[in-house]
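Single-structure report; data block below.
Chain letters run A, B, ... following the sequence lines, proteins first and then strands; every chain starts at 1.
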Protein chains: 2
Amino acid sequence: MCDNRCMASRSTRYRDTSGKALTDYPRPSVAVDTAVLSVSPDDQLCVLLVRRAGTHKRGAWQLPGTFLHPGETLGRAALRALSDKAGVTGLAPVQLAVFDDPDRDDRGWVLSAAHLDVVPWDRVAGLGALADGVQVTPVSQSRGLAFDHDRIVDLAVIRLRTEYQQSPDPRGLLGDPFTLLQLQRLHEAVAGEPRRKDSCRRLRAPTLEPTGGVLEGVVGKPARLFQHREPQRQLGGGHG
Amino acid sequence: MCDNRCMASRSTRYRDTSGKALTDYPRPSVAVDTAVLSVSPDDQLCVLLVRRAGTHKRGAWQLPGTFLHPGETLGRAALRALSDKAGVTGLAPVQLAVFDDPDRDDRGWVLSAAHLDVVPWDRVAGLGALADGVQVTPVSQSRGLAFDHDRIVDLAVIRLRTEYQQSPDPRGLLGDPFTLLQLQRLHEAVAGEPRRKDSCRRLRAPTLEPTGGVLEGVVGKPARLFQHREPQRQLGGGHG
DNA sequence: GAAATAGTGTCTTTGAGACAATATCCT
DNA sequence: AGGATATTGTCTCAAAGACACTATTTC
């Protein structure tokens with residue numbers, strides 16, 4: 001597979017077909033901006049925002065992002081940004097799209113590789129103790145972000161919805177023993193519209209693993225408990 | 001929307017939160033590699049390949065690509081690469097994914113923004129006169145490409161199939177007056193498996209515009225002619 | 001009339017949506 | 001018992017698949 005890669009040392013200045021050396025080309029900065037989505041305990045689809053540096057006006061909020069470092073993958077850069085800018089430990093960022101308008105950033109030529117990460121609520125706002133300059137807002141109230149970050153949020157929500165149409169809880173937002181009603185509430189939060197009790201139930205239940213236990217201590221017939229069939233995903237599925 | 005963008009001139013060296021100037025960061029080269037897919041007259045799904053510069057061994061073929069130039073969109077760079085490297089006029093490249101393995105290119109740190117373009121056959125191999133070092137091969141025989149281009153072809157085919165599951169001919173591979181049998185053949189080529197005559201017909205016909213004309217001069221009952229409802233897409237839908 | 005291709009009638013299956021009835025628990 | 005919630009029975013409807021039949025042309 002790499003038979004002709006090993007024939008030259010790393011420092012050689014290769015030339016492309018036009019005869020120009022690789023390092024002669026002007027290169028863009030590559031930013032990684034991530035929409036971290038989660039569902040709050042009151043079933044609201046929320047996004048993680050950070051205050052834009054050096055401003056307190058409108059457009060003062062944006063998605064956590066950073067510039068890609070040498071030797072780093074986009075996914076790692078996304079996780080680093082979440083940790084550094086928001087104090088949040090991400091899970092498995094996936095690429096959404098590259099925003100490539102040459103004028104999209106007034107600091108210069110910056111491409112933005114937009115990402116989506118989905119994390120359980122207690123991981124993003126667990127103790128109610130968010131760092132300063134960090135907030136988690138319902139996506140419906142997140143309009144007016146800096147740069148083109150509104151559009152990134154749009155893409156992220158669309159992507160999340162299509163993922164959750166395919167399987168019950170692909171991103172493990174729920175956490176292991178859960179009832180079918182909790183699953184229904186989650187889907188309503190993600191889709192942004194109500195779901196029929198029985199439709200949702202019949203569609204998803206066959207693909208879930210019943211624990212055998214039931215939810216106790218509440219009024220009404222106790223709900224059966226279920227768990228995920230397959231382990232939730234961690235980082236590692238990026239496009240190398 | 002951009003109220004606070006106009007407050008500073010373009011040459012100012014902005015600093016991010018860590019205090020580092022934008023131009024101080026090492027930046028990757030950004031390549032744009034495009035899988036151009038088409039369907040041959042004998043109903044084979046094909047991909048456009050170019051010979052890798054300076055080699056005649058295995059792995060000698062690759063997708064046409066180039067480095068992104070300043071002020072240029074990814075889509076424009078993809079079209080430029082098709083024109084310069086293969087002498088082909090592309091149509092509407094769409095992003096597939098960014099390949100970001102730091103070691104994926106032995107020339108250095110190169111990200112690849114993989115694209116898909118779909119063009120009618122006569123546009124890619126019209127006169128049978130392909131430029132030297134250019135070929136159009138069935139995708140099934142395209143294995144062993146340079147870099148990670150095999151995976152780009154895989155992504156492109158998957159994407160094309162999902163697009164063609166949604167509507168009859170979203171990329172205008174057919175060209176305006178066509179019969180339902182031609183449409184069926186096209187879908188079989190894209191999907192790589194046979195389709196029922198009546199299913200295919202009943203599913204797609206209602207969304208097509210009959211021209212009123214029929215195909216003449218062939219034995220059997222003459223087939224009705226159809227045309228596309230909406231104009232085919234050109235470049236312009238990129239993520240700004 | 002025979003061959004060849006286009007187009008349709010209809011049966012079956014599947015899956016989702018909707019409504020309502022039944023089951024089981026807590027207080 | 002009574003309220004509250006979970007679970008299931010069943011009807012309907014729409015879409016797709018499969019098969020076979022009918023229709024219209026050329027030779």
Side-chain angles (χ1 to χ4, degrees), chain A residues 41-43 160-170 174-229, chain B residues 39 41-43 161-170 174-229:
Chain A
D42 60 326
D43 299 309
L160 184 71
R161 285 181 180 158
T162 65
E163 281 193 21
Y164 270 79
Q165 278 171 4
Q166 323 252 338
S167 68
D169 186 16
L174 225 36
D176 235 354
F178 57 88
T179 73
L180 290 178
L181 183 58
Q182 289 175 305
L183 184 65
Q184 178 186 347
R185 293 274 150 73
L186 172 62
H187 273 88
E188 289 175 334
V190 168
E193 57 185 31
R195 289 273 174 268
R196 304 275 156 186
K197 178 171 58 171
D198 45 3
S199 309
C200 185
R201 180 174 298 258
R202 256 185 280 257
L203 183 58
R204 309 299 183 179
T207 72
L208 295 174
E209 190 77 30
T211 69
V214 293
L215 190 64
E216 298 182 17
V218 292
V219 346
K221 180 171 175 176
R224 285 186 300 168
L225 290 175
F226 293 84
Q227 60 192 11
H228 295 97
R229 268 258 163 78
Chain B
V39 172
D42 59 326
D43 299 307
R161 285 181 180 158
T162 64
E163 280 192 22
Y164 270 78
Q165 279 171 4
Q166 323 251 339
S167 67
D169 186 16
L174 225 36
D176 236 355
F178 57 89
T179 73
L180 290 178
L181 182 58
Q182 289 175 304
L183 184 65
Q184 178 185 347
R185 292 276 150 72
L186 171 61
H187 273 88
E188 290 175 334
V190 168
E193 59 185 29
R195 290 274 174 266
R196 304 274 157 188
K197 177 173 61 170
D198 46 3
S199 309
C200 186
R201 182 173 297 257
R202 257 185 277 258
L203 182 59
R204 309 299 184 178
T207 72
L208 295 173
E209 190 76 29
T211 69
V214 293
L215 191 64
E216 298 182 17
V218 293
V219 352
K221 180 172 175 177
R224 285 187 299 170
L225 290 175
F226 293 85
Q227 60 191 11
H228 295 97
R229 267 257 164 79

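- Between R196(B) and dG17(D), a side-chain N or O to OP1/OP2 separation shorter than 4.0 Å is absent.
- The listed nucleotides are dG7(C), dC25(C), dA6(D); the one nearest the side chain of R224(B) is dG7(C).
- Within 4.0 Å of V214(A), counting heavy atoms only, lies no atom of the nucleic acid at all.
- Closest contact between the side chain of V219(B) and the listed nucleotides dA4(C), dA6(C), dA18(D) involves dA4(C).
- In this structure, NE2 in H187(A) is found 12.0 Å from CZ in R161(A), a value given to the nearest 0.5 Å.
- Of the inter-residue distances, the one linking F178(B) atom CZ with L215(B) atom CG reads 12.5 Å to the nearest 0.5 angstrom.
- Of the candidate nucleotides dA6(D), dG17(D), dG7(C), dG7(C) has the atom nearest to the side chain of L180(B).
- Rounded to whole Å, atom P of dC19(D) lies 10 Å from atom CG of D198(B).
- Atom CG of L225(B) and atom C1' of dG7(C) are 15 Å apart (whole Å).
- For the pair L215(A) CG and dC26(C) C1', the interatomic distance rounds to 13 Å; values are reported in whole Å.
- Listed candidates were dC19(C), dC19(D), dT7(D). Nearest to the side chain of K197(A) is dT7(D).
- Atom CZ of R204(B) sits about 11.5 Å away from atom CG of L180(B), to the nearest 0.5 Å.
- Comparing dC19(C), dT8(C), dA23(D) by their nearest atom to the side chain of K221(B) picks out dA23(D).
- OP1 or OP2 of dG7(C) sits under 4.0 Å from a side-chain N or O of R201(B).
- The NE2 atom of H187(B) sits 12 Å away from the P atom of dA16(D) (whole-angstrom rounding).
- You won't find any donor-acceptor pair under 3.5 Å spanning the side chain of R202(A) and the base of dG17(C), going by distance alone.
- Rounded to whole angstrom, the span from the CD atom of Q184(B) across to the P atom of dA6(C) amounts to 9 Å.
- Ion pairing of R195(A) with E193(A) is present here, as a side-chain N (NZ or NE/NH1/NH2) and a carboxylate O approach within less than 4.0 Å.
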